[in-house]
Undergrad: 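Dropping the structure in here first, questions after.
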Amino acid sequence: MITPTFISTASLSSETKASIARIQQRLVDAQTELSTGRYADVGLTLGAQTGVSVSLRQDMDQIQSIKDTNSIVLTRMQGSQAALNTLATTSQAFLNALTPAQSSGSIKDTLVQQAQASMQSLQDQLNTSLDGQYLFAGINSDVKPMDDFYGDPPSDGAQAIKNAFVAKFGMSPDDPNVSSISASDMQDFLNNEFSNLFSDANWSANWSAASDKPVNSRISRTETADTSVTANDNTFRQLTQAFTMISGLGFQNLNSATQQVVMQQATQLVSNGIGSLTKVQSFLGVTQQRVSDSNDQIDTQIDFLNKSIDGLESVDTAAVTTKISDLSTALEAAYAVTNRLSNLSIMDYLTS
Amino acid sequence: MSLTLSVDTARSSLQATSEQISVVSRNIARVNDSDATRKTATIVSGPGVGVSIPLIGRTSNQLLFNAYLTANSSSQAQTSITSALDQLQNTVDDTDAEHSPAALMAKLSASLQTYSGDPQNSAVAASVVSAAKDLSNALNSASAAVTQVRQQADSDIATSVSNINSLLSQFQTLNNQVIKGTSNGSDITDVLDARDAVLKQLSNEVGIRTVTRDNGDMAIYTDSGVTLFDKSPRQVTFQQTANLAAGATGAAVYADGVPIAGTPHIMEIQSGKLAGLVSVRDDIAVTYQSQLDAMAGGLINAFAETDQSPTPTLPAAAGLFTYSGGPALPPSDTLVPGLASSIKVNANVDPAQGGDATLIRDGGISNPGNPAYTYNTSNGASFTGRIQDLISSLGATQTFDASTQLPTSSSLSDYAKNSVSWLEALRQSAGAEADYRSTVAQRAASSLSQTTGVNLDEEMTNLLDLERTFQASSRLINTVNDMLTTLLQSFS
């Protein structure tokens with residue numbers, strides 16, 4: 001009884017069952033895709049391309065963290081710039097006071113006070129801290145770079161000046177007899193013993209706890225940059241030298257010729273200091289520019305990476321919506337067919 | 001005496017019809033059994049009196065049946081590979097979830113970058129340690145997942161082997177009945193159905209070929225030609241391995257004393273669940289395991305610390321990441337099996353274990369008591385040199401073992417990325433292959449069923465015909481009876 005087109009009842013029903021299951025599976029996937037906007041199974045869809053997506057995300061993580069650290073670094077450099085600006089103003093004001101003082105005697109008394117205030121300001125600015133980090137301490141950022149010059153007991157620096165003075169002239173700077181010191185002796189002292197107090201070794205020993213090494217930061221994937229200025233920079237030594245020269249060597253009691261020598265020396269140091277302060281500021285400014293350039297670049301890169309990841313992983317929502325409606329129609333049709341097939345039995349037409 | 005002859009003929013027709021109806025009812029009873037074939041009762045008109053049914057026929061198609069066995073075996077092999085790959089894929093997860101070793105490496109690098117921006121902050125140092133722990137945990141659990149997959153495959157192989165043995169002994173019983181039935185001419189159609197059903201089940205486990213002999217006897221060979229059944233079942237043996245940790249190899253499967261799977265051999269089987277499971281256990285999972293081990297080795301080496309003395313004398317030692325063999329470094333370009341399962345964050349740097357997280361910045365993780373490994377010699381709180389070095393060395397090109405099927409020279413993060421690509425590419429092609437093979441198997445099953453299965457409508461129409469024949473034959477007998485009665489009455 002083999003007929004040309006034969007179909008068994010079991011295969012008839014199993015075919016419709018299988019096709020309904022297939023459509024349902026695809027419908028579930030399509031719905032996931034619609035809700036997430038990404039492929040239901042990214043790995044399965046992309047295959048070997050999945051690595052590209054992983055690598056894009058790796059890059060993203062990395063440059064995002066660089067951007068985060070850059071903003072910390074930028075804040076720190078802005079803090080440093082503000083401190084340097086204050087210092088520049090203070091130094092300029094001191095220089096402005098020094099120039100007329102050299103010709104007129106009356107201003108000399110206030111000059112000492114101004115020097116003291118400037119020294120105070122200098123150490124305050126160098127001790128600037130941000131979030132517990134001392135900005136001018138180099139890599140020793142957990143240590144306050146400058147000891148208080150006017151503190152009690154006196155700082156190592158103040159003590160060293162006093163000791164050198166006593167060793168040279170046999171009396172303390174506070175002694176009224178300093179008026180007897182000749183201009184040439186003072187010049188000699190300033191050029192040798194006093195200036196020696198600010199050498200690399202003595203500066204680190206007596207004045208500054210900062211490290212010579214500035215903080216180094218990675219500002220892009222390939223670039224690193226020194227992003228801090230340390231208190232050991234020659235600029236700050238020159239300024240300190242000038243301020244302490246006026247405030248720490250019994251200036252008010254010196255005879256006027258000697259005062260003149262000291263003032264000349266101080267003027268020279270302060271104007272040099274202001275000059276190199278500008279250099280330091282512009283060095284920091286250039287680095288700031290590099291960091292913010294790098295951040296701009298990173299923004300562009302993040303944008304690009306996001307687009308690339310989207311391009312790899314995201315689905316066309318419109319296409320998925322159409323697919324879902326197609327699949328729903330197909331599923332309804334399959335249900336209808338199943339229903340019709342199960343009703344379509346010869347049993348209904350056989351009458352006994 | 002022709003009237004009596006007519007009654008005899010009608011009676012034989014009644015008998016034949018009842019037998020045919022019984023065949024129809026057998027067909028209807030098994031209408032939804034996919035193993036059942038359609039039975040037919042062929043009527044023969046004898047030379048003497050009436051009709052008879054010498055034997056019950058069975059619709060079969062050996063060609064389609066063999067095609068089904070092959071397609072089914074090959075689909076089963078691929079299915080077990082795909083499901084193992086899906087399990088392995090859990091170690092990578094969705095790219096968006098960022099749980100893969102590759103993603104966690106990027107996170108570690110990012111947290112190092114954050115630390116380099118704020119090196120004084122020990123809380124940030126601790127977050128680097130926790131990123132490192134996430135990574136080592138991910139490698140540990142990925143390695144455990146691979147071992148789990150292999151272990152599962154091994155125990156599935158054991159199940160499959162015991163299935164094969166029990167199917168073969170069922171087959172023996174049925175085969176003997178077929179031989180006996182063939183020789184004495186009894187109805188063996190249902191036994192043949194049952195024997196075919198056993199073959200179908202057997203093809204789930206292993207690819208088979210069959211040879212039928214004249215007396216109905218059948219011999220079974222694997223697709224590679226090893227005898228599984230010939231007159232009597234051959235023993236299939238397999239020894240399950242208790243612990244399949246990285247580097248351990250599983251036992252081979254033997255049939256009739258010949259290795260058919262689990263060891264390179266000319267008689268290796270090509271298809272069936274058994275072949276798929278063995279390829280998972282001995283090939284795919286092992287390769288993935290070795291990739292994880294290579295990643296772990298690369299990590300330990302990237303974070304290694306060297307002697308910082310002016311004249312270095314001490315060997316490099318494991319830093320942030322160490323392993324069971326630490327502090328000595330594992331060889332960088334040859335594989336150390338099991339490294340991924342033993343890699344861990346050094347306790348010296350882990351605050352949770354009493355360590356000091358800032359050692360990441362300063363160096364000396366390998367041996368905090370030995371100043372030779374200290375990088376931050378001036379003890380600067382914002383020393384970033386070592387952190388920058390670590391970031392660079394994570395991105396630096398390393399050499400990897402060639403046996404892992406990935407490019408041997410790449411950066412660690414690229415290697416991890418390539419491993420993801422490898423796995424997903426395999427999954428994609430295996431998935432597509434499995435879809436294709438299962439479609440083929442489904443088509444084979446449905447063509448077999450369409451040709452040899454039962455159609456209810458056809459059986460019902462046959463039943464109508466038979467009913468009519470039965471009615472007609474009964475009517476005939478009745479008519480002859482009436483005629484004989486009339487004849488007898490006319491004599492009385």
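Every chain is numbered from 1, with letters handed out A, B, ... down the list of sequences.
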Undergrad: May I ask you to say whether A:R76 pairs ionically with A:D131, meaning some side-chain N is under 4.0 Å from a carboxylate O?
TA: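 Salt bridge: no.
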Undergrad: Give, as side chain, backbone, both or neither, the part of B:R443 having an atom under 4.5 angstrom from any heavy atom of chain A.
TA: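 For B:R443, the side chain is the part near chain A, not the backbone.
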Undergrad: What part of B:A103 lies closer than 4.5 angstrom to a heavy atom of chain A: side chain, backbone, both or neither?
TA: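 Just its backbone gets close to chain A.
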Undergrad: Checking side-chain polar atoms at under 3.5 Å, does B:Y288 have a donor or acceptor matched by the opposite partner on B:T91?
TA: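 Per modelled atom types, B:Y288 and B:T91 side chains form a pair under 3.5 Å.
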Undergrad: Is it the side chain or the backbone of A:E313 that comes within 4.5 Å of chain B heavy atoms, both, or neither?
TA: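 Just the side chain, heavy atoms under 4.5 Å.
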Undergrad: For residues B:N61 and B:T452, is any side-chain donor paired with an opposing acceptor at under 3.5 Å?
TA: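 B:T452 and B:N61 do not have a side-chain donor-acceptor pair below 3.5 Å.
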Undergrad: Among B:D457, B:N418, B:N379, B:D96, single out the residue with the greatest number of heavy-atom pairs under 4.5 Å to chain A.
TA: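 Of B:D457, B:N418, B:N379, B:D96, B:D96 has the most heavy-atom pairs under 4.5 Å with chain A.
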Undergrad: Can you tell me which portion of A:D68 sits under 4.5 Å from chain B's heavy atoms? Options are side chain, backbone, both or neither.
TA: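 Contact with chain B: none, neither part.
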Undergrad: Is chain B contacted by the side chain of A:R38, its backbone, both, or neither, given a heavy-atom distance below 4.5 Å?
TA: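 Contact with chain B: side chain only.
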Undergrad: Charged N to carboxylate O below 4.0 Å: is that the case for B:K200 and B:D35?
TA: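 A salt bridge is present here (some side-chain N lies under 4.0 Å from a carboxylate O).
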Undergrad: Considering only heavy atoms and a distance below 4.5 Å, find which of B:D33, B:I391, B:L112, B:I387 pairs most often with chain A.
TA: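 Of B:D33, B:I391, B:L112, B:I387, B:I391 has the most heavy-atom pairs under 4.5 Å with chain A.
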Undergrad: Would you tell me whether A:Q289 and A:D293 have side-chain atoms, one donor and one acceptor, within less than 3.5 Å of each other?
TA: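 Short answer, yes.
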Undergrad: Do other residues, nucleotides or ligands put more than 12 heavy atoms under 6.0 Å from B:L63 CG?
TA: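 No, CG of B:L63 has 12 or fewer neighbouring heavy atoms, counting only those of other groups under 6.0 Å.
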Undergrad: Would you say B:Q291 and B:T404 are linked by a side-chain donor-acceptor pair, where the criterion is simply a distance under 3.5 Å?
TA: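 Not at all, the side chains of B:T404 and B:Q291 share no donor-acceptor pair under 3.5 Å.
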Undergrad: When only pairs under 4.5 Å are counted, which of B:S34, B:S421, B:S111 shares the most heavy-atom pairs with chain A?
TA: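 The answer is B:S421.
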Undergrad: Which one of B:S419, B:A381, B:A36 has the most heavy-atom pairs closer than 4.5 Å to chain A?
TA: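 So the answer, after comparing B:S419, B:A381, B:A36, is B:A381.
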Undergrad: Just so I understand: if I count every heavy-atom pair under 4.5 Å between each of A:M60, A:R218, A:Q62 and chain B, which residue has the most?
TA: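 Max contact count across the listed options: A:R218.
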Undergrad: How about B:T37 and B:D193: does a side-chain donor come under 3.5 Å of a side-chain acceptor?
TA: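 Side-chain D/A pair, B:T37 to B:D193: present.
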Undergrad: With a 4.5 angstrom heavy-atom cut-off, which part of B:E459 approaches chain A: side chain, backbone, both or neither?
TA: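 No part of B:E459 comes within 4.5 Å of chain A.
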Undergrad: For chain B, which of A:T224, A:N70, A:L44 has the most heavy-atom pairs under 4.5 Å?
TA: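 Highest number of heavy-atom pairs under 4.5 Å: A:L44.
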Undergrad: So, A:S294 and A:S220: side-chain donor and acceptor under 3.5 Å apart, yes or no?
TA: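 Side-chain D/A pair, A:S294 to A:S220: absent.
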Undergrad: Given heavy-atom pairs under 4.5 angstrom as the criterion, report whether the side chain, backbone, both or neither of A:I309 touches chain B.
TA: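 For A:I309, no heavy atom lies under 4.5 Å from chain B.
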Undergrad: Checking A:T45 against chain B: side chain, backbone, both or neither under 4.5 Å from a heavy atom?
TA: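 Looking at A:T45, just its backbone touches chain B.
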Undergrad: Taking side chain as everything from C-beta outward and backbone as N, CA, C, O, which of these in A:D59 sits under 4.5 Å from a heavy atom of chain B? Side chain, backbone, both or neither.
TA: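 No part of it gets close to chain B.
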Undergrad: So which of B:E467, B:Q442, B:R427 has the biggest tally of heavy-atom pairs under 4.5 Å with chain A?
TA: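 Max contact count across the listed options: B:R427.
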Undergrad: Is the count of non-hydrogen atoms from other residues, nucleotides or ligands lying under 6.0 Å from B:R58 atom CZ greater than 12?
TA: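 Yes, enclosed.
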Undergrad: Checking heavy atoms, do the side chain of A:I72, its backbone, both or neither come under 4.5 Å from chain B?
TA: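 When you check distances to chain B, only side chain atoms of A:I72 fall under 4.5 Å.
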Undergrad: Is the shortest distance from a Lys or Arg side-chain nitrogen in A:D226 or A:K213 to a carboxylate oxygen in the other one below 4.0 Å?
TA: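 Judged by the 4.0 Å cut-off on N to carboxylate O distance, A:D226 and A:K213 do not form a salt bridge.
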Undergrad: What residue, out of B:D93, B:D118, B:N376, has the most heavy-atom pairs lying under 4.5 Å from chain A?
TA: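 Highest number of pairs under 4.5 Å: B:D118.
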Undergrad: Does any heavy atom of chain B fall under 4.5 Å from the side chain of A:S55, the backbone, both, or neither of them?
TA: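 When you check distances to chain B, atoms from both the backbone and side chain of A:S55 fall under 4.5 Å.
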Undergrad: Check whether B:V31 gets within reach of chain A through its side chain, its backbone, both or neither, counting any heavy atom under 4.5 Å.
TA: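 When you check distances to chain A, atoms from both the backbone and side chain of B:V31 fall under 4.5 Å.
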Undergrad: Under 4.5 Å heavy-atom distance to chain A, tell me which part of B:T114 shows up: side chain, backbone, both or neither.
TA: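 Both the backbone and the side chain of B:T114 come within 4.5 Å of chain A.
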Undergrad: Please determine, by modelled atom types, if B:Q388 and B:S116 share a side-chain donor-acceptor pair under 3.5 angstrom.
TA: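 There is no such pair (donor and acceptor under 3.5 Å, judged by atom type) between the side chains of B:Q388 and B:S116.
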